[in-house]
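Remarks on the structure that follows.
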Amino acid sequence: MVVDSIKNGLVIDHIKAGNAMKLLHYLGVDTEQGTETVAIIMNATSQKAGRKDIVKIEDRTDIDMDVVGLIAPEATVNVIKDNVLVEKIRPELPKSVINVLSCRNPRCVTSTERDIPQIFILNDEVNMEYRCRYCDEIIAMRDVKVL
Amino acid sequence: MLKNKYILEPMDLTVEEMDEIFELAEDIMENPAKYAHVADGKIMATLFYEPSTRTRLSFTAAMLRLGGQVMGFSDPSASSVKKGESISDTIKTVSCYADIIVMRHPKEGAPRVAASATDLPVINAGDGGHQHPTQTLTDLETIRKYKGGVEGLTIGLCGDLMFGRTVHSLIKALSRYKNVRIKLISPKELVIPEYVRKNVMEASGMDYEEFNRLEDVLPDLDVLYMTRVQKERFFNEDDYIRLKDFYILNAEKMKLAKPDMIIMHPLPRVNEIAKEVDDDPRACYFKQMRMGMFVRMALVMKLLGLEA
């Protein structure tokens, strides 16, 4: 399958197969208000991983790398300008994330209090676990599903 | 003064600060008159969004015995909370009138929200099934007084370890003492939460074991900390009914315990300690309750920078 290259924008490569939609959801790109042209390639052949997803976002140069690190830590973000690859960024697991994850503990104050940020702190880098700043509930990123 | 203004969990106090609080509490116990006016002119706000007898009254008594005054609510339905006011807005309001805030809330992490909305000292008086740091001060002072110290003890924690906030806070505090052996006794449905196991017990290299039957470990214990299975923490009443009578400590079981073991309980109890055990000299739970007032007096003094 051929998908055109982009002149200006971002190519997020090496996303774990099946995770492209989840990444777009957390990046907030999958909304009705979105203006960027987005190409999603799923289950592409990968020498490294067997299968991978790729996302191309046209005319966009900035992206929340904390979200990429959180949802697709194995990905590579390629920045394209005038058809030239100008930067290749590898995401890191963020030390903390604000307003990306929601606490699933029904007893957590975030389930009722209005206008407070959802704050999660990196708890275990190896197992990709985050801890709610308020109630200490631990979330493993492998268990996070798109609603 | 203490390093932190907000006492949301026991680790907000260093071991040295806790020792200072215990020493001050012991001096207050021996010389109450010396401290009767140290908080003259100061006001404590007690915001209890959840029922309480001991914690609220002991904070109230603590402030009154220091010469200060107390205002607040013990029934949120009689305040603007009923109208849907947020925690932050309530705290900002109270901050205009009080010098220190004590808060109990059914939602976990609510006192952290309160602390972010004010510059006043905030004390967590229990947040859901999460933490209860001033009960821990009470518990440690009780162990110090009746066992001569914490180090080297074998401490059994029995009952609802999942939602038991006093247990979570106590384990956190105990993780900083040497050679403490923890025996966790609970039904499998109420085991210790993952964050306590991983971030506290395993991270600190704590010596701990888990049991299902109290009788299997009772003879080894220096301290037995009983807890209530809390109806208010269950979303499913059937689960509560099934688990509520899982452990009942009675005179027969106490025959297995060491002659100098102490029984503690944060109270209230329902039926997990039979009334007949109250007469056993090893029962410490009512004495423990009295300690609570003195450690809270000491904590309030430290947070407000008051001296005799």
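Naming: A, B, ... by sequence-line order, numbering from 1 per chain.
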Applying side-chain hydrogen bond (donor to acceptor under 3.5 Å, both in side chains), name anything that partners B:T138, two or more places apart in sequence or on another chain. none
B:S88 versus chain A, the contacting section by heavy-atom distance below 4.5 Å: both
What distance separates B:C158 SG from B:M264 CE, expressed to the nearest 0.5 Å? 14.0 Å
Which region of B:P106, side chain (C-beta onward) or backbone (N, CA, C, O), has a non-hydrogen atom less than 4.5 Å from a non-hydrogen atom of chain A, or is it both or neither? backbone
Among residues 61-74 of chain A, those lying within the under-4.5 Å heavy-atom range of chain B are none
Across all chains, not counting sequence neighbours, the side-chain hydrogen bond (donor to acceptor under 3.5 Å, both in side chains) partners of B:E50 are B:R165, B:R233
Please say whether the positively charged group of B:R104, taken as NZ for Lys or CZ for Arg, lies over the ring of B:F48, i.e. under 6.0 angstrom from the six-membered ring centre and within 45 degrees of the axis. no
Quick check for you: to the nearest 0.5 Å, what is the distance between B:R228 atom CZ and B:R269 atom CZ? 12.5 Å
So, do B:T90 and B:Y49 sit near enough that their side-chain heavy atoms are less than 4.5 Å apart? yes
Sole residue of B:V167, B:T166, B:L170 in side chain to side chain contact (heavy atoms under 4.5 Å, CB included) with B:P266: B:T166
Residue part contacting chain B, namely of A:D115, when any heavy atom lies under 4.5 Å: neither
Using every non-hydrogen atom in the two residues, find where B:D99 and B:P121 come nearest and quote the distance to one decimal. O-CD, 3.3 Å
Side-chain contact test, heavy atoms from C-beta onward, threshold under 4.5 Å: evaluate it for B:T134 versus B:H132 and give yes or no. yes
Listed by residue number, which members of residues 119-134 of chain A have a heavy atom under 4.5 Å from any heavy atom of chain B? A:N123, A:D124, A:N127, A:E129, A:R131, A:R133, A:Y134
Parallel under 30°, tilted from 30 to 60°, perpendicular over 60°: which one fits the rings of B:H168 and B:Y195? perpendicular
Taking the basic N atoms (NZ, or NE/NH1/NH2) and the acidic carboxylate oxygens, is any pair closer than 4.0 Å for B:E9 and B:K172? yes
Does any backbone or side-chain atom of A:S111 lie under 4.5 Å from a heavy atom of chain B? Answer side chain, backbone, both or neither. side chain
